[in-house]
Amino acid sequence: MNDMKTKVYKLAFALIIALGFLTYSCADLVVENLNEPDSSKALANPEDLASLAGGAFRTLHNAIQEYDGPALSMSTMADQGSCSWGNAAMRDMGNEPRKGWINSLTYAYFPVIRNLWEDSYASVSAVNDVLKAIEDQGVEIGVDGADTEMVHAWCYFVSGVAHGYLGLTYDQGNVIKWDTDLETLELTPYQTLLDASVELLDQAISIAGSNTFEIPAKWMGGETYSNTELSQLASSYAARILAYGARNKATNDGADWSKVLTYANNGIEKDLAPELGDNYDFYDYYMVYQIYPGWGRIDHRIINLMDPDYPSRYAEDGETWTTPDGQHPGEAESDDARLLSDFEYVPGQAFRPDRGYYHFSNYRLKRYDHVIADVWYGDKIHASFYVWENELLKAEAMVRTGNVDGAVQILNDPEGARKVRGQLPDVTTTDADEVLWTIFYERDIELVDSGMGIGYFDMRRRDQLQRGSILHYPVPMTELEIIQVPVYTIGGAPDGENVSEGSWTGLDGITSPLN
Amino acid sequence: MKKIMLLMAVVLFIGVQLVSAQTKEITGVVTSAEDNTSVPGASISVKGTTLGTITDIDGNFTLKVPEDAQTLVVSFVGMKTIEVPVGNQTTFNITLEPDVFGLDEVVVAGVASGTPKKKLSISVGRVDEEALKRVPASSAAGALQGKVAGVTIVSASGNPGSAASIRLRGATSLRGGQGPLIIIDGVMIEGTLQDINVDDISSMEVVKGAAAASLYGSRAGNGVIVITTKSGKGLGAGQTVVTIRNEYGFSKLMNKLDVAEHHFYQLEDNWQSEDRWTLYKGIEWYSGDEPHLIGTVVDGSLLNEADHYQDNPYGVVRDHLGDFYEGGNFYTNYASVASNMDRTNFMVSFENSKQDGIIFKVSGYKRQNFRLNVDHRFSDKFSFKTSNLIIKSETDNSSFDFFSLLQLQPDMNTYAKNPDGSDYRLKVDEFGTTTNPLYPIANVTSITNRNRILSSYAFTYNPFNWMSLEGSYSFERQDNYWNYVEPKGYLTLGSYDSGGEKGYMAKSSTQQFAQVVQFTANFNKQFGDWTTKGKLSYLYEDNNYKYFRTNGRDFSVIGIEQFNVMDQALATNSSNEHNIRAENIFGIVDLDYKSKYIGSFLYRYDGASQFGENERWNPYFRASAAYRITEDFPINGISELKIRAAYGTAGNRPPWYAQYETFNIAGGTPVKNQLGNKNLKPSKIYEREIGLNMEFLGRFDFELVYSEQDAQDQHWPVPLPASQGYKTQWQNMGTLTSTIWEATLGANLVSRGDFNWNMNLTFDRIRQEITKLDVAPFTTGARGNAGDPGAFFIEEGAIFGSMYGESFLRSMDDMQDQISMLSESTYAGMSIDDFTQNSDGYIIPKGTEGTYQEVPVKRLDDEGNPETVQIGDGNPDFHMGIANTISWKGVDLYVLLDWKQGGDIYSLTNQWMYRDNRAADMDQFGKPENQKKAYDYYAALYNVNTYNNHFVEDGTFMKVREISLYYNVNKRSLNNFLGGFIKEIRFGVIGRNLLTFTNYSGFDPEVGSTEGNGDNTIQAWDEFAYPNYSTFTGSLEIKF
């Protein structure tokens, strides 16, 4: 009996082992990634290439308008926003006296320059892959290649904007076109990036001009763009990049303003205003932190523009004011209706005096409060490129090319923001400097917290950034380490090329001419 | 290879028919030399075979042995193992002597089969049941602390339910996470060790170093911990033991953090007339009728005091930390039944435990463990074994806003009402963004429920007396369910005045199923004076993980918290899943000649799905040897002297996703993310080890080990040039080299009648350096992955664990060295005579001390910019555990001290507290006028949160980890009570983490962070962690 049992056990055991082997002898160590696609899945067909290109503008746009990008520190450097919190280098770059950038891996706000760099080139890389497929491999996209030229134009547009913002932000960078040999890349000065940007945008304009298509809504954050509208947007970006690239007044004055005028004339007729939130994954966190309660405020310099009696700087010791009675000025007053519609007087201070009273401000921007109420997930639109900005570029280019009347006409346009929102009287002067001052006034009031760095670029190209402010950022140290270029930074002695020699301070209450 | 295994199995089973040797039956009794009582549960086996039995409740045994059997091996826990010649004898009277230092304890981990410690040629530490039950750790994770040399355990968070981090010897991974492979009754666990209850554990074996762990291959580079739980096996045949243990007590934060209680703002003249807030000059407060507005600022701004000294009083000083860390309960109820019924023995147990932790209104961690272990012998040749543990746990993950807690000004009223009438006013800070940390705890629900099953099944067949075949299957199933709710009306700063948010809910679920199948042939054969033990094994692992999560917003009703009452348009979903598979084959031979020349050799061929397709399969090996000198050369006073050496390899695997090329999908379109790597191979750890073991003077047992390990081909997501488009690629990119000294001394200090004093000292000193780096230097650490830079620098030649940042000069010599560079800096034109050292030791411009211009001088580079230099090193000089067990009559006192000497801590907590002037050392009140410092000075040290040497502190500590005082009721009294029904009563008091002696300024010098790429065991990083706390309990244990 026991023998029988033993045999049964043996058999059972042998079976278990054999079964085990049968089950597992197919052990396959090739395991598929079930979560993220690789290129064979993400780019399985030409439509996927279009999709790859389609996401590139969002990547770029979000990086430009990012909280952890240069936008917030540009704002404090420009004395447009004010914030004493260290986040995103707002405090370090808004520090008085101004300091240089710390290009170190251990610097707490290091991502500020790294993220924009990486994401810009990520966008460039994506569209270059697609351009290569179209131009080198003859890939056609869409039914009978119907979408090929749409994607073609789009790719040049994205690459152009990316190179432009790299050139506006950093002292140098790489120009990478689809046929560039990545092995022999070398850093080149910002001007080559700006030039490449305009050249790439021209290609986008040219393709869009000779084809008819529609850019899908999800590529642009919820709004379709026709070929004409894409061309207009590319033109406006080209105007922006040409106009904002100068590091000092001399270069700015010598810029090719007629070219700016041409681009602006062909520019946008609708705001670039993506829907923010999870629907399209477009975000604008720089704007959010500029206005979120307890975060950024509006510098008194801006309030002083609207109310020349209002001190442009907070009392140095917190109590001794430059007002006639030496007292706190209270609420500002202005003919500009936007002082009340866009700005909110806040009696208390969110910042601590030990960080410097110069961070203090009694004003914040309330214009976009409806956007930030649920911007984390909501569906509010926010403009990062207003038509009015294009109009102001046009006006400035007109002044600088001798057509002051044309500029005045724009400022007095009854449909324009100055009249509609500001409810300001018509500009009557024909003095070019005064008109320019009005244009910059309008830019400071109307464009604040729209596109990244507009206030900073404007101050930079007029020698008005506080002395010691950096005029551009260095290539991030991570990249320098990887490509084995000696680490350097921007800062130190003012030279007008890398570090500001001029300053706006002390120019209180000057209503004209200040260009 | 699989075919070979199959063939082997078939051949072996056919061979079974050949077995039928002549046998005889022997009987005997085993007694203890200590008290002449019988020893139930002692193991009797025939040397060189797998045959054996255990004694019954009266110490008797019966065993069928081959006619030619020569030697019996008799062993019992805590007794010295002896060998008894068989000859023609059939009845035996065997006496066992106590084994004070456990040299005869049998180790099963890392070797071919059970081997007494004295015959080991590799390093395996062991903590047995006796040591575990002195202070039953609240979880298995903490049970090793201070008990085994070379084991570093850091509880970076005191949060109940969070696991301690474990590192065996030196770090093997730059990426952090040095946790060893943990095997519980054959189950390789994937989940946390925190859920495993200690009352069930019979032993923990720690396989240290790659050489010892090579048996476990590509998952064992960090070493292995093998946990064995109790069974009925140790009991005498026919014996049943019921154990009931109850422990109840409380938890408390012993070390309170000092915070500043003064400020530097100007006060109104009548400030003393208000005791609810502070009447600052320049501020107009609301004091009308609306209760929630009382104490809010109507207008004005704070004004600094002219002297800039932080020594002005607040209108009221509240104890925020006391309110927050209120303490909580701690209890454990445990019951088990173990029985040995001839062919079957089992152990069934239940444990219910709860740790509230110490935080206000937080329920902490609740856990129920159910265990069933069964061994069954079908016949002399077939046996079956199963171990099963079901765990049910619940963790309160309430949002602990430690940051806000420490930034609260003393006069803020956290108990004021909100505009909606709710408690714990959110907006307590009238001058900034600090919110009330009590509010989220009181309003947010965040609970994780976890169910786990750990099961293993093993069939063993002994075809010959020198061979056994085992087929086993084990699995771990783990389900987590997380529920997070911010109710409708939940207040945030942005929605404070508009009635709050509309509600948010997230639920997520993870499911993990990890299985292991193993077939093993064990050999155990005596050839003359040679004992050989071997093992040939095939192992297959399969691990499947699934996750999904849904978030929703905007509840349409209050009180129902399900997605169907939320705005469907605002819901978002995510999910992911992955598989890991591995298989390998290995063989090991352990040999000894006359038990004095000992050797072990193993080879393993190991494949895993995590490696790139060109590098899936890799070999591992080990060779080790030991020589027991005293077997050949008796030395006076030294009863055992052994030298040993080992060389071997083990591996580490990269994360499952590392090898793939990936695109992220954002907004429905692909974005390049990670470049794939088909050549990604294991990180291999090569270890060379020598050791010495000595038992001397009958009182001391000493072990000394020196080991060197090279952890080559480190895994890292290497950043690519931006031009590539892909952000990173996982590469094998460096070598981490460690040198380790380890020593253990066991001492029987006093043994006089009823009085016994044993001490066990463990010591280790570990050095680790990055000896090779194929990529550009980079930073890592707690914040290294979250967008911010880390404070720990990875660079060829750097010490792993060293901190980098800016440095404020502390010596005039250093100032002299950089004076030549000052032409480029703000100090241009100044000479060394223009500087002096201030009362904190920093160099400052002369004449500025005590003024707002006092700014410490930083180390500068050639261009006059602050230089980033090494500012600290997280590695301790050494680490020691000192365990004392003192017994007198029925009283046992046990004290475990844990001493870490050196090792720097970076306190980001303190740096943040400088931001809001909350740090205690900023408080100037009570300082003599000539020693006061302006806030500007501290602001300079704060350095806008850029890492610097001011926040590096020495992390030396001595902790009283465990202390217990038990009384064991006299056995004779018990025999006279209830007819001897109760076998054992033990009661006493237990303290865990009672005291910490340290100069560290934070809550606790035991810190770390595994956020980002941090490593708790090396990178001592203090960043608003849940502090470790003390527990005090009473325990009563009854056995019958």
Side-chain angles (χ1 to χ4, degrees), chain A residues 6 9-10 13-14 16-17 20-21 24-25 27 29 31 33-39 42 51-52 54-55 58-59 68 86 91-92 104-108 110-111 117-118 121-122 125-126 174 176 182 185 218 278 280-281 293-294 318-319 347-350 353-354 360 377 478-479 481-483, chain B residues 2 6 9 13 16 297 299 301-304 378-379 382 432-433 459 461 471 493-494 517 519 540 553 570 572 576-579 581 583 607 609 616 660-663 666-672 676 719 721-723 725 727 776-779 787-789 804-805 868 935 939 944-947:
Chain A
T6 310
Y9 292 145
K10 282 177 196 167
F13 194 79
I16 290 168
I17 290 201
F21 274 107
Y24 291 105
S25 60
L29 301 184
V31 172
N33 182 356
L34 301 170
N35 305 306
E36 294 102 1
D38 59 9
S39 53
S51 196
L52 175 69
R58 182 196 49 245
T59 303
D68 230 348
R91 181 182 173 194
D92 279 350
S104 159
L105 286 176
T106 53
Y107 178 48
F110 175 67
W117 178 270
E118 287 184 355
Y121 282 112
S125 169
N174 300 121
I176 306 180
L182 298 183
L185 276 183
K218 74 174 179 183
D278 294 346
Y280 298 102
D281 281 346
E319 31 185 8
Q349 293 300 330
D354 42 306
F360 276 24
Y377 56 93
T478 35
E479 183 74 10
E481 290 272 12
I482 294 167
I483 60 175
Chain B
K2 277 163 273 172
L6 186 56
F13 283 104
V16 165
V297 169
D299 204 349
S301 60
L302 295 167
L303 296 169
N304 293 328
F378 297 104
S379 72
F382 286 95
T433 53
F459 286 93
Y461 170 53
L493 277 189
V517 177
F519 302 104
Y540 175 80
R553 289 198 173 272
L570 299 178
T572 55
N576 62 63
E577 66 177 284
H578 67 260
N579 284 298
R581 286 200 284 268
E583 71 178 328
S609 63
R616 291 246 151 88
Y660 302 110
E661 176 185 80
T662 63
F663 282 67
T669 56
V671 178
K672 283 182 185 176
S723 55
K727 290 192 170 161
F778 57 94
T779 67
D788 294 342
Y804 280 67
T868 298
Y935 63 68
V944 200
N945 251 340
T946 296
Y947 307 133

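Keep in mind it's a predicted model, so treat the numbers as computed, not measured. Numbers restart at 1 for each chain; the letters A, B, ... are given by sequence-line order, proteins then strands.
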Nearest 0.5 angstrom please: A/Leu52 CG to B/Lys672 NZ, how far?
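Rounded to the nearest 0.5 Å, the CG-NZ separation comes to 6.5 Å.
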State, to 0.1 Å, how close [X] and [Y] come at their nearest heavy-atom pair, and which atoms those are.
| X | Y | answer |
| --- | --- | --- |
| A/Glu36 | B/Phe663 | CB-O, 3.5 Å |
| B/Gly471 | B/Phe519 | CA-CD2, 4.0 Å |
| A/Leu29 | B/Arg581 | CD2-O, 3.5 Å |
| A/Ser51 | B/Pro670 | OG-CD, 3.2 Å |

Examine whether an atom of [X] lies under 4.5 Å from a heavy atom of chain B, and if so say whether it belongs to the side chain, the backbone or both; otherwise answer neither.
| X | result |
| --- | --- |
| A/Ile176 | side chain |
| A/Ser104 | side chain |
| A/Asn174 | neither |

CA sep, side-chain torsions, deciding dist, call: A/Tyr107, A/Asp92, side-chain contact (heavy atoms from CB on, under 4.5 Å)
CA-CA 11 Å; A/Tyr107 178 48; A/Asp92 279 350; 2.4 Å; yes
Looking at [options], which one has more heavy-atom pairs under 4.5 Å with chain A than the rest?
| options | value |
| --- | --- |
| B/Thr669, B/Val297, B/Leu302, B/Asn576 | B/Thr669 |
| B/Pro721, B/Pro719, B/Ala776 | B/Pro721 |
| B/Gly805, B/Gly676, B/Pro777, B/Gly432 | B/Pro777 |
| B/Asn304, B/Asn579, B/Val671 | B/Asn304 |
| B/Thr433, B/Asp299, B/Thr572 | B/Asp299 |
| B/Thr946, B/Asn945, B/Leu493 | B/Thr946 |

By a 4.5 Å heavy-atom criterion (distance strictly below it), what part of [X] contacts chain A: side chain, backbone, both, or neither?
| X | answer |
| --- | --- |
| B/Ser723 | both |
| B/Tyr660 | side chain |
| B/Tyr804 | both |

Heavy-atom pairs under 4.5 Å with chain B are the metric here; pick the option from A/Asn33, A/Ile483, A/Thr59 that has the most.
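Answer, by heavy-atom pair count under 4.5 Å with chain B: A/Asn33.
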Pairs of heavy atoms under 4.5 Å with chain B: top-ranked of A/Ala122, A/Ala42, A/Gly54
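The option with the most such pairs is A/Ala42.
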Kindly say whether [Y] contributes a backbone atom to a donor-acceptor pair with the side chain of [X] at under 3.5 angstrom?
| X | Y | result |
| --- | --- | --- |
| B/Glu661 | A/Ser39 | yes |
| A/Glu479 | B/Ala722 | yes |
| A/Asn35 | B/Glu577 | yes |

